[in-house]
Amino acid sequence: MSVTRRSVLALAAALALAPRPGSPGRALAAALAEGAEHWGEPEPFRPALVRERAQALAAAPWVPPPQDLPETLAGLDYDQYRDIRFRPESAIWAGGESPFQLQLFHLGFGYRDPVAIRVVDGGTSRKLIFDPAMFSYGPLVADPPTDIEDLGFSGFRVHAPVNRDDYLDEFAVFQGASYFRAVAKDQAYGLSARGLAVATADPAGEEFPTFREFWIETPAPDADTIVVHALLDSPSTTGAYRFSLRPGASTVIEVEAVLYPRVEIATVGVAPLTSMYYFSGHDRLGIDDFRGAVHDSDGLLMWNGQGEWLWRPILNPRTLQIATFLDSKPHGFGLMQRERDLSVYQDLEADYHRRPSLWVEPIGDWGEGAVVLVEIPTDAEVHDNIVAFWRPRTPLAAGVPFQLAYRLHWRGEPPVQHGLAKVRRTLSGLSEVGRPQAERDKRVFVVDFAGEDLVQEGAAPITAQVTASAGVLSPPVVKTDPDIGGVRVAIELDPQGATVSELRCALVRDGTVVSETWLYRWLPA
């Protein structure tokens, strides 16, 4: 994509500004409600229709989306695109009894592929036709061309009463390729999800499947869920998706999909998550920044099929890194934002401490495969450089439908509480400060574990099990950490010439593991 997701997050706030006085939005909303010229012709709709469309599309050669966006829109820069704002009073279902509203995104800037948006009501769907009156155009951008019958849209966002009953908050956005994102109560936008990932980090280049068409069901007046159907297309596959969005203290999006591969796909990524990690206390080599941490997510959490809970701190590596965690019948995985202390970030604008964690809960048996973590080097916080997804062991076969289902939980912590001590923080630094830089090889790692049962009067002592795939580890030092109500483990790694070492640490009491297992990939500076 030519647009960073970071710019999209900034737009989410900017585009929601109130309309200017005298806007025609209310008249437009009334016209939409009356079924005027802003709607296409009615067509029958049933969920199977999307699957049939995807299957038929897969039987034909891939055709790229039309690239006929007028240059006046395609050439917009970031600030100009920000100056095009949807009029909130023009929202679909505005003024009615629905607890949800839809607002639309304009084409332009990096969003050049139009998507068709249809509203479903009573078994009938009607395409929403673009009208400039839906938007206000600020002084930085000229009015759109008027000689185009239907310019189309680049995506949409959904509003509902999330933080209080008398105000409709934006809680979900679908825009750009197959990207979508959401927030729960009291959260700020952070990481994103995607419909599908193909060839992520592949030397030949990544493929970005695109949602080309949406069907959005009209919610009932008492509904707490809104249903969105989507048609996905790419050179490798098509897909029919059904999203059930339920906002709240935890916003849940249930995903059901059927893929129709055109070719065999060995590099597929199911339930892909995309985030940003720049630096934190264990990884800030070469960083000159007043803030203590900058990231949307700070760790990958996994609950594997063997019942283990694994915590892998995220890194901003010097070279591309791909970590593969083999598994069978996984219970879940997700990119977490565990650090919630504003004083750590010292950023009063970005709200990193309010960014959501995103947990993937598989529905059904996902069989054998692996959770894959991709870490891409970045020198700025404006780029998404972290990707995590599930990769089935068996490649997707050409012409054979592939079904999947899962729930996405946008919240602070996973919906399942394991009762183990959690990795609270990872810190790292050189251990031989007094020696010349060229001779400093050993490194200290400090891992804080928090848990109510770790510090008990008269209980058996806590020990740490530590291993390294290369190099030599010092005996771990375990001390009580009263600040977090847990324990701190300090270990020293002597690489002894190794170029990579996989570290592992878990707390044990009376021979039983009582904590998440901390994993870390050490790389030379």
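Along the sequence shown, the residues carry numbers beginning at 1.
At a threshold of 4.5 Å between non-hydrogen side-chain atoms, the residues Val472 and Gln496 count as touching. Between Tyr241 and Leu196 there is a side-chain heavy-atom pair separated by less than 4.5 Å. Pro414 places a side-chain heavy atom less than 4.5 Å from the side chain of Leu301. In this structure, Pro65 and Arg212 have side chains that are in contact, with non-hydrogen atoms separated by less than 4.5 Å. Using a 4.5 Å heavy-atom cutoff, the side chains of Leu519 and Leu503 are not in contact.
At distances below 3.5 Å, not a single donor-acceptor pair connects side-chain atoms of Asp510 with backbone N or O atoms of Thr512.
For the atom pair CG of Leu427 and CZ of Arg425, the computed distance is 6.5 Å after rounding to the nearest 0.5 Å. Once rounded to the nearest 0.5 Å, the distance linking CD1 of Ile314 with CD of Gln321 reads 13.5 Å. Atom NE2 of His106 is separated from atom CZ of Phe153 by 8.5 Å, given to the nearest 0.5 angstrom. Interatomic distance, CD1 of Ile253 versus CG of Leu408, reported as 6.0 Å (0.5 Å rounding). Here the straight-line distance linking atom OG of Ser275 with atom CZ of Arg181 works out to 13.0 Å at 0.5 Å rounding. Distance CZ/Phe171 to OH/Tyr189: 8.5 Å, rounded to 0.5 Å.
Closest non-hydrogen pair, Lys185 versus Ala249, comes out as CB-CA, 3.9 Å. The minimum heavy-atom distance linking Ile462 with Val478 is given by the pair O-CG1, 4.1 Å. Annotation for Pro330 and Asp327: closest pair CB-OD2, 3.4 Å, computed over non-hydrogen atoms. Residue His331 comes nearest to Asn304 through the heavy atom pair CD2-O, 3.0 Å, listed as atom of the first residue, atom of the second, then distance. Closest of all the heavy-atom pairs between Lys442 and Asp494 is CE-OD2, 3.5 Å. The two atoms that bring Ala188 and Pro356 nearest to each other are O-CD, 3.0 Å, heavy atoms only.
Note: His295 and Tyr345 have perpendicular aromatic rings, judged against thresholds of 30 and 60 degrees for the angle between ring planes. Ring pair Trp390/Trp366 is tilted by interplanar angle, where 30° to 60° counts as tilted.
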**Report entry** side-chain hydrogen bond (donor to acceptor under 3.5 Å, both in side chains) evaluation trace for Glu254 with Tyr406
**Finding:** CA-CA 6 Å; Glu254 187 164 312; Tyr406 55 95; over 6 Å; no
Requested in this report: Start with the C-alpha distance between Trp359 and His409, add both sets of side-chain angles, then the distance that settles ring pair (Phe, Tyr, Trp, His ring centres under 6.0 Å), and finish with yes or no.
Outcome: CA-CA 5 Å; Trp359 180 254; His409 298 264; 8.2 Å; no
**Report entry** Stepwise side-chain hydrogen bond (donor to acceptor under 3.5 Å, both in side chains) check, Arg246 with Ser244
**Finding:** CA-CA 7 Å; Arg246 187 179 72 247; Ser244 298; over 6 Å; no
**Report entry** Criterion side-chain hydrogen bond (donor to acceptor under 3.5 Å, both in side chains) on Gln175 and Ser154, from CA distance to verdict
**Finding:** CA-CA 6 Å; Gln175 187 186 31; Ser154 67; 2.9 Å; yes
Requested in this report: Starting from the C-alpha separation in whole Å, work towards a yes-or-no answer on side-chain hydrogen bond (donor to acceptor under 3.5 Å, both in side chains) for Ser357 and Arg338.
Outcome: CA-CA 8 Å; Ser357 298; Arg338 275 198 172 164; over 6 Å; no
**Report entry** side chain to side chain contact (heavy atoms under 4.5 Å, CB included) between Val372 and Val374, worked out
**Finding:** CA-CA 7 Å; Val372 179; Val374 180; 4.1 Å; yes
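Remark: Glu368 does not engage Lys329 in a salt bridge, criterion side-chain N to carboxylate O under 4.0 Å. The pair Arg318-Glu375 does not count as a salt bridge, with every side-chain nitrogen at least 4.0 angstrom from each carboxylate oxygen. Checked for salt-bridge contact, Arg291 and Asp347 meet the test: a charged N lies under 4.0 Å from a carboxylate O. Arg504 has no carboxylate O lying under 4.0 Å from a charged side-chain N of Glu516, or vice versa, which leaves the two without a salt bridge. Looking at Asp233 and Arg262, a side-chain N of the basic residue comes within less than 4.0 Å of a carboxylate O on the acidic one, giving a salt bridge.
Screening Leu507, Val508, Val423 against Ser515 for a side chain to side chain contact (heavy atoms under 4.5 Å, CB included) leaves a single residue, Leu507. Of the candidates Trp311, Trp309, Phe333, Trp303 forms a ring pair (Phe, Tyr, Trp, His ring centres under 6.0 Å) with just one, namely Trp309.
Aromatic rings of His282 and Tyr520 (six-membered ring for Trp) have centroids within the 6.0 Å cut-off, being under it. Aromatic ring centres of Tyr179 and Phe211: separated by at least 6.0 Å. The distance between the ring centers of Phe180 and Phe243 falls below 6.0 angstrom. Between Phe174 and Phe156, the distance from one ring center to the other falls under 6.0 angstrom.
Between the side chains of Glu206 and Thr200, at least one donor N or O lies within less than 3.5 Å of an accepting N or O. With hydrogens and angles left out, the side-chain atoms of Arg194 and Ser192 include no donor and acceptor closer than 3.5 Å. A side-chain donor from one of Asp341 and Ser343 sits under 3.5 Å from a side-chain acceptor of the other. Side-chain contact of Thr517 with Glu308: a donor-acceptor pair under 3.5 Å is absent, judged by distance alone. Side-chain N/O atoms of Gln346 and Tyr352 include no donor and acceptor closer than 3.5 Å. With no hydrogens or angles considered, a side-chain donor-acceptor pair links Arg157 and Gln103 at under 3.5 Å. One side chain, Glu207 or Ser234, offers a donor N or O that lies under 3.5 Å from an acceptor on the other.
For the pair Arg312 and Trp518, the cation-pi test (distance below 6.0 Å, angle within 45°) is failed.
Other residues, nucleotides and ligands contribute more than 12 heavy atoms inside 6.0 Å of the CD atom of Gln306.
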